[in-house]
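Okay, so here's the structure we're looking at.
Each chain gets a letter, A, B and so on, in the order its sequence line appears, and its residues count up from 1. No hydrogens, no waters, no symmetry mates; every other heavy atom, side chains included, goes into these values. In this text, all values refer to a predicted model and were calculated from it rather than measured experimentally.
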Amino acid sequence: MLKDITIGQYFPLGSVIHKLDPRAKLFYTFTFIIMVFVSSNFISLALCIACAVLIIALSKVPVKTVIKGLRPILLIIVITSFLQIAYVKTGVTLIDFWKIHITSGGILQALFMTLRISLLIVMSTMLTYTTSPTSMTNGLDRTFAPLVKIGIDFNIVTMIMTIALRFIPTLIEEVDKILSAQKSRGANFESGNIFKRAKMLIPLFVPLLFSAVRRAYELAYAMTCRCYNGGKGKTTMNALKYKKCDYLVTLLTFAFIAGVVVLNIYCGEYNAEFTFNSAV
Amino acid sequence: MSLLQTENLSYIYGEGTPFRVTALDNVNIEIEKGELVAVIGHTGSGKSTLMQQFNGLLKPTSGKVLLDGEDIHSSKTKTLETRFRVGLCFQYPEYQLFENTVYDDIAFGPKNMGLSKAEVDKRVRTAAKYVGIPEHAFETHPFDLSGGEKRRVAIAGVISMEPEILILDEPTSGLDPRGREQILSLIKNYREQTGKTVIIVSHSMDDVAKIATKVIVMNNAKVEMRGTVDNVFEKSDRLCEIGLSVPQITEVFVKLHAMGYPVSEKIYTTEQGFAEIKKLLKGGEALA
């Protein structure tokens, strides 16, 4: 069960997308997320979808894996859709039976929200699928490096992120080990009422916390021994360099922003009745 | 009928994934009452997996584990009962301590068994005596103890369940020579006084030679050899081939023998070695 966590997972597939500079990827991902919210009609949203599909296709990440990443937010999608259908009362009435009153506006609004949320999740998981943690932190590091001038050392933030990601599997392994050890002493984690179960977490969390703190100390000493001083004057082995394709991608990102804005202006706020009637 | 027995036991990690690893392959072993069995093998040979099969933490992919002739997975209650009858003490057991006092930590197992307060108290005191934790230390916080003491408290936490079989996974790893010595002698005393079965997993051939009555050698998920200390350590060539060794003292005597000194090659502990050297000196042989 614990091993199913896919947050921050990386698929080393070596595609064009994988080889892009992490700064270019960070830039288009954040732009994309903003643009998904800026899009005010289905046509500009269609442009977003087209871009997402293009990136997935180029990245060679199996479509099945991408869709699997949506599973954790399925509940959120269902609840949002339900609320939209229940409360939006514009457009043509489709079903009017007892207390159930469904309109075309509600359905379209639900569809719109579903697409928005899914696009957000798909694009942010695509970022971690195609960018290794090291190059991701490198990218963040370089992007925010100018902040040093106003007294913020972003290197420390990226170091904390790297360490946190690095220790997820280690701590999962530790949990497995402690669970087995306490089970061997007759601890029963699987049955009993909620209070009994909550109490059984003590034999798990006390040793876990203790070992996490111990590891933190050891790591801190090891880093001190290697003269870690918070990134001051630090150089990197693989210095990031913006290549031709990175410039191209950045250019395309700007074109994408322009595209969404233009489509927003020309096609206007989406009109439920109009969209519905033309669809029929 | 053996006390603990495995029948064509196999276990595969990650079945159906690309990370599939066979950890145990058709293992058949019998362990009799009162034995002190040492399981040796290099890292990844399946020793620890085998130990977790013995107390039912892992379920065999195929084959059976029999305790007193009964399958430990025949029912859920049977599996839970097995956890109490076969006490497993993991590697670095001090990392599982969590209570506020030494006493409470040793009492955790017996309490889980649903014993009366008086019985729990009796067991805690007995277990503490076996591992040499004095009663005035009962109210100490476990984290205030030294590494060796913590380890002994953790072992007491398993002994206090009074299991018929006590399994210790690498009980001496990471300890200084004095800590090692203490743990080994407590294991030996515990077995002599209670007559119960003890299984230890070890990397240290010297430890094994000192206390084991029977040795099982694991290699690549299979049982490679089994027998007495003599039976196993006399095959030093094969042991080296599979990444193990013989006790240091044995190496010395094998070399001495090869150099032409009239000493036995079958020396496995320092005591035996001492006696052999004394015999040699008394025999008046010139030592070149």
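For B:Lys78, the NZ atom sits in a packed shell: over 12 heavy atoms of surrounding residues, nucleotides or ligands are nearer than 6.0 Å. Within 6.0 Å of the CD atom in A:Glu173, the count of heavy atoms belonging to other residues, nucleotides or ligands does not exceed 12. No more than 12 heavy-atom neighbours from other residues, nucleotides or ligands sit within 6.0 angstrom of CZ on A:Phe82.
Residue B:Gln96 holds its CD atom at 12.0 Å from CG of A:Leu179, rounded to the nearest 0.5 Å. Annotation: the span from B:Phe98 atom CZ to A:Ile178 atom CD1 amounts to 11.0 Å, rounded to 0.5 Å.
The candidate with the highest count of non-hydrogen atom pairs below 4.5 Å against chain A, out of B:Val158, B:Asn112, B:Leu58, is B:Asn112.
Each of B:Phe84, B:Phe108, B:Phe90 was compared with A:Arg185 under the side chain to side chain contact (heavy atoms under 4.5 Å, CB included) criterion, and only B:Phe108 meets it.
Contact annotation for B:Leu57: only side-chain heavy atoms (C-beta onward) come within less than 4.5 Å of a heavy atom of chain A. Proximity to chain A is absent for every atom of B:Met113, based on heavy atoms less than 4.5 angstrom apart. There is no contact between B:Tyr92 and chain A, counting heavy-atom distances below 4.5 Å. Using a 4.5 Å cut-off between heavy atoms, A:Ser211 does not touch chain B at all.
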Applying side-chain contact (heavy atoms from CB on, under 4.5 Å) to B:Tyr95 and A:Arg214, what does each step give before you reach the verdict? CA-CA 11 Å; B:Tyr95 295 154; A:Arg214 187 173 46 83; 3.5 Å; yes
